[in-house]
Amino acid sequence: MVASAQSHDMLQIAAAAADAKGGEDLVALDVSEPLPLVDIFLLVTGRSERNVAAIADEIEDKLLEAGYKRLRREGRQESRWVLIDFGDLVVHVFHEEERIYYGLERLWKDCPVVPVDVPAPAAAED
């Protein structure tokens with residue numbers, strides 16, 4: 001199995017939203033082979049609980065605006081690891097310490113990495 005075109009579209013929306021709120025170390029994994037109900041995991045790191053919450057909220061808002069339905073969200077109250085399930089795309093927004101501790105990249109190391117395109121920062125004008 002390979003992640004669908006819709007999953008890739010969702011990924012780009014989520015990645016741009018994460019980047020807009022200062023999300024770091026974005027990694028997308030194609031988990032469609034071992035997980036038939038999910039195509040892509042997007043992993044994002046935030047620098048603080050407040051940053052994690054802002055990233056998660058922005059991702060959710062942008063995907064909802066694009067017409068995608070959220071199935072589930074967990075961890076928003078603590079904002080150390082927020083999981084947002086949009087069906088084909090599951091977003092994990094981690095605080096730095098949780099990202100290292102849980103090491104999802106290690107757990108899913110056999111899954112292919114999906115390229116993530118984030119908008120380039122606008123050049124400053126003189």
Side-chain angles (χ1 to χ4, degrees):
M1 302 225 4
V2 176
S4 70
Q6 176 176 294
S7 299
H8 285 273
D9 292 342
M10 294 170 74
L11 170 63
Q12 296 313 321
I13 293 167
D19 184 63
K21 290 297 180 181
E24 299 175 351
D25 196 18
L26 278 67
V27 175
L29 302 171
D30 184 334
V31 295
S32 60
E33 187 66 34
L35 296 176
L37 299 177
V38 178
D39 282 353
I40 298 174
F41 278 176
L42 174 61
L43 312 177
V44 183
T45 300
R47 294 174 307 280
S48 66
E49 287 89 350
R50 189 175 193 168
N51 187 223
V52 168
I55 293 165
D57 290 348
E58 184 73 2
I59 291 169
E60 187 172 351
D61 290 348
K62 294 302 181 188
L63 284 168
L64 290 171
E65 285 174 18
Y68 297 106
K69 183 179 181 206
R70 185 192 79 212
L71 303 178
R72 185 178 62 186
R73 178 179 65 192
E74 296 180 11
R76 174 63 176 82
Q77 190 165 359
E78 297 82 17
S79 295
R80 300 289 295 180
W81 176 2
V82 179
L83 180 145
I84 314 166
D85 182 354
F86 275 88
D88 292 338
L89 174 70
V90 175
V91 181
H92 301 266
V93 185
F94 292 97
H95 188 281
E96 295 167 300
E97 295 164 4
E98 272 68 12
R99 175 103 179 235
I100 293 165
Y101 180 79
Y102 289 104
L104 291 189
E105 289 97 333
R106 286 189 317 272
L107 291 174
W108 299 97
K109 68 180 184 251
D110 294 335
C111 295
V113 173
V114 179
V116 177
D117 296 322
V118 291
E125 293 190 27
D126 295 325

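For reference, positions follow the sequence shown, starting with 1.
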Starting at [atom1] of [X], measure out to [atom2] of [Y] and round the result to the nearest 0.5 Å.
X: Glu60; Y: Ile55; atom1: CD; atom2: CD1; value: 14.0 Å
X: Glu98; Y: Glu49; atom1: CD; atom2: CD; value: 8.0 Å
X: Arg72; Y: Ile84; atom1: CZ; atom2: CD1; value: 11.5 Å
X: Leu71; Y: Asp85; atom1: CG; atom2: CG; value: 4.5 Å
X: Gln6; Y: His8; atom1: CD; atom2: NE2; value: 11.5 Å
X: Lys109; Y: Leu104; atom1: NZ; atom2: CG; value: 13.0 Å

Is there side-chain contact between [X] and [Y], with at least one heavy-atom pair below 4.5 Å?
X: Val82; Y: Arg73; answer: yes
X: Val93; Y: Ile59; answer: yes
X: Cys111; Y: Phe41; answer: no
X: Tyr68; Y: Ile13; answer: yes
X: Val113; Y: Leu29; answer: yes
X: Val52; Y: Arg80; answer: no

Q: Please lay out, stage by stage, how Glu74 and Arg76 fare under the test salt bridge (charged side-chain N to carboxylate O under 4.0 Å, His left out).
A: CA-CA 6 Å; Glu74 296 180 11; Arg76 174 63 176 82; over 6 Å; no
Kindly give the heavy-atom pair with the smallest separation between [X] and [Y], and that separation in Å.
X: Asp88; Y: Ser4; answer: OD2-OG, 4.1 Å
X: Leu89; Y: Ala14; answer: CD2-CB, 3.9 Å
X: Lys69; Y: Phe86; answer: O-CD2, 3.3 Å

Q.
Pair Arg47, Glu24 - check salt bridge (charged side-chain N to carboxylate O under 4.0 Å, His left out), show working.
A. CA-CA 8 Å; Arg47 294 174 307 280; Glu24 299 175 351; 3.2 Å; yes
Is [X] linked to [Y] within one hydrophobic cluster, defined over Ile, Leu, Val, Met, Phe, Trp and Tyr using a side-chain heavy-atom separation of less than 4.5 Å?
X: Leu107; Y: Val44; value: no
X: Val27; Y: Leu35; value: yes
X: Ile40; Y: Leu43; value: no
X: Val114; Y: Trp108; value: no

Q: Any chance you could lay out the side-chain hydrogen bond (donor to acceptor under 3.5 Å, both in side chains) test for Trp81 and His95, step after step, and finish with the verdict?
A: CA-CA 6 Å; Trp81 176 2; His95 188 281; over 6 Å; no
Taking the side chain from [X] and the backbone from [Y], do they hold a donor-acceptor pair closer than 3.5 Å?
X: Gln12; Y: Asp117; answer: yes
X: Arg99; Y: Asp25; answer: yes
X: Asp39; Y: Val90; answer: no
X: Asp30; Y: Pro112; answer: no

Q: Determine, stepwise, if the pair Leu42 / Leu11 fulfils side-chain contact (heavy atoms from CB on, under 4.5 Å).
A: CA-CA 7 Å; Leu42 174 61; Leu11 170 63; 3.8 Å; yes
Q: Check the pair Leu63, Met10 against side-chain contact (heavy atoms from CB on, under 4.5 Å), reporting the backbone distance first and the verdict last.
A: CA-CA 7 Å; Leu63 284 168; Met10 294 170 74; 4.1 Å; yes
